[in-house]
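One structure below.
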Protein chains: 2
Amino acid sequence: MAFPIGELARQTAVKVPTIRYYEQIGLLPAAPRSEGNRRLYGSTEVERLNFIRHARDLGFEIEDIRELLAMAAQPQSSCHQVDSIANNHLAEIERRIASLTALKRELSRMIEECGHGRVCDCRIIEALADHSQCLAEH
Amino acid sequence: MAFPIGELARQTAVKVPTIRYYEQIGLLPAAPRSEGNRRLYGSTEVERLNFIRHARDLGFEIEDIRELLAMAAQPQSSCHQVDSIANNHLAEIERRIASLTALKRELSRMIEECGHGRVCDCRIIEALADHSQCLAEH
DNA sequence: TCTTGCTCCTCTAGTCACTAGAGAAGTTAG
DNA sequence: CTAACTTCTCTAGTGACTAGAGGAGCAAGA
């Protein structure tokens, strides 16, 4: 029934120090201990930690996850807040994609224009040095 | 000719503490000082800091910038390495865009399926809790 | 029983690229 | 001369871990 932290780590693919860290910041409750002072876990913790891991994989911040966990613990309340956190996060992801796409475009252009000669003729270095010119181009 | 750190900050849109930080980590050379111990800058530093800022805006890491600056200082050498740093960075950006796009898709799906009812019926919470199901779907 | 090797414990410090704040000192305008 | 502003140094904080030291528990084999 009860297993140690390494087993929890294996079952959830979350590293042992990360689990301890989550306990420290209160994302996981303090685990009961064995006689030899080892943390003991059960299936509840596996579920909770899987939830956390999946949310982290999706890029949710710890504070978001704290709120999501609190809401999941109140199944009768409205899921409006859950929806709102998820939507905010989606908007943030979209912002990041847009900004990375713009970077990608500029970087690709710089690389294309590089004549692969000497540094003094390199358009990459030039573009980095002279941002005003670059801004003017857009 | 020589102006203080605040003026450099204004000309480059880099914050004063950030400039001091760049000096501390050796990205900018230690500035000469006035009688009253204030840092003094000239147009060389404006150029160098603009280069740094633009590279940072493009998402290059400090260590990349350190290398790029070293190469820019050797105009007669081949720009092969410059090209390689830029290409590595481009690949990294493309990886990030791909991963964010995947997240966006999963998150959008979760949000769409949310019936906006109570938490106990919420597909967002459910999807987070049960990643195995989600993995199986893909 | 002893030893070997693994897991676990706590605690501190490091990562990256800044950012914030304290407290002191120089500088400028009125 | 004074008030407001800028600058100085130094320390500590951010987020989400990660690494390492030094010590203790535990299971299996000789």
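The sequence lines fix the lettering, A, B, ..., with proteins before strands; numbering per chain opens at 1.
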Practice prompt. Would you mind reading off the distance between B:Asp64 atom CG and C:dA17 atom P, rounded to a whole angstrom?
Written response: 9 Å

Discussion item. For a 4.5 angstrom cut-off between non-hydrogen side-chain atoms, does B:Gln11 reach B:Phe3?
Written reply: yes

Discussion item. Check the phosphate of C:dT10 against A:Arg33, side-chain N and O only, distance under 4.0 Å to OP1 or OP2. Yes or no?
Written reply: yes

Fill in: Expected output: side-chain B:Arg56 to main-chain B:Phe60 donor-acceptor under 3.5 Å
yes

Worksheet item: So, is A:Thr18 near the phosphate of D:dT18, with a side-chain N or O under 4.0 Å from OP1 or OP2?
Response: yes

Item to complete: Nearest whole angstrom, please: distance from the C1' of D:dC8 to the CD of B:Glu23.
Response: 12 Å

Item to complete: Please state how far atom OH in B:Tyr21 lies from atom P in D:dG13, giving the value in whole angstrom units.
Response: 18 Å

Worksheet item: How many Å lie between CG on B:Asp57 and C1' on C:dC18, as a whole number?
Response: 14 Å

Fill in: Over 12 foreign heavy atoms within 6.0 Å of CD, B:Gln81
no

Worksheet item: When the nearest nucleotide of DNA chain C is assigned to B:Ser34 and to B:Arg56 on a heavy-atom basis, which residue is associated with the more 5' position?
Response: B:Arg56

Discussion item. Taking atom types as they are modelled, would you say the side chain of A:Arg38 forms a donor-acceptor pair with the base of C:dT7 within the 3.5 Å cutoff?
Written reply: yes

Item to complete: Tell me what B:Arg39 touches on the nucleic acid: a base, only sugar-phosphate, or nothing, going by heavy atoms under 4.0 Å.
Response: sugar-phosphate

Response to the item:
Between CD of A:Glu61 and P of D:dT14 the distance, given in whole Å, is 14 Å

Worksheet item: In terms of heavy-atom contacts, does NE2 of A:His80 have more than 12 from other residues, nucleotides or ligands at under 6.0 Å?
Response: no

Worksheet item: Between the side chains of B:Glu94 and B:His89, is a donor N or O closer than 3.5 angstrom to an acceptor N or O?
Response: no

Worksheet item: Between atom CG in B:Asn37 and atom P in C:dA25, what is the gap in whole Å?
Response: 12 Å

Discussion item. Considering every strand and a 4.0 Å limit on heavy-atom distances, what is the contact class for B:Glu35: base, sugar-phosphate, or nothing?
Written reply: nothing

Worksheet item: Across the strands shown, which category fits A:Arg10 at heavy-atom distances under 4.0 angstrom: base, sugar-phosphate, nothing?
Response: nothing

Discussion item. If I take atom NZ in residue B:Lys15 and atom C1' in nucleotide C:dA20, what distance separates them, rounded to the nearest angstrom?
Written reply: 11 Å

Practice prompt. Tell me what B:Phe60 touches on the nucleic acid: a base, only sugar-phosphate, or nothing, going by heavy atoms under 4.0 Å.
Written response: nothing

Fill in: Separation of D:dT7 P from B:Leu8 CG (nearest whole Å)
10 Å

Fill in: Distance test, side-chain N/O of A:Tyr22 to OP1/OP2 of D:dC17, below 4.0 Å
yes

Practice prompt. Map B:Arg20 and B:Gln24 onto DNA chain D by nearest heavy atom, then report which one ends up closer to the 5' terminus.
Written response: B:Arg20

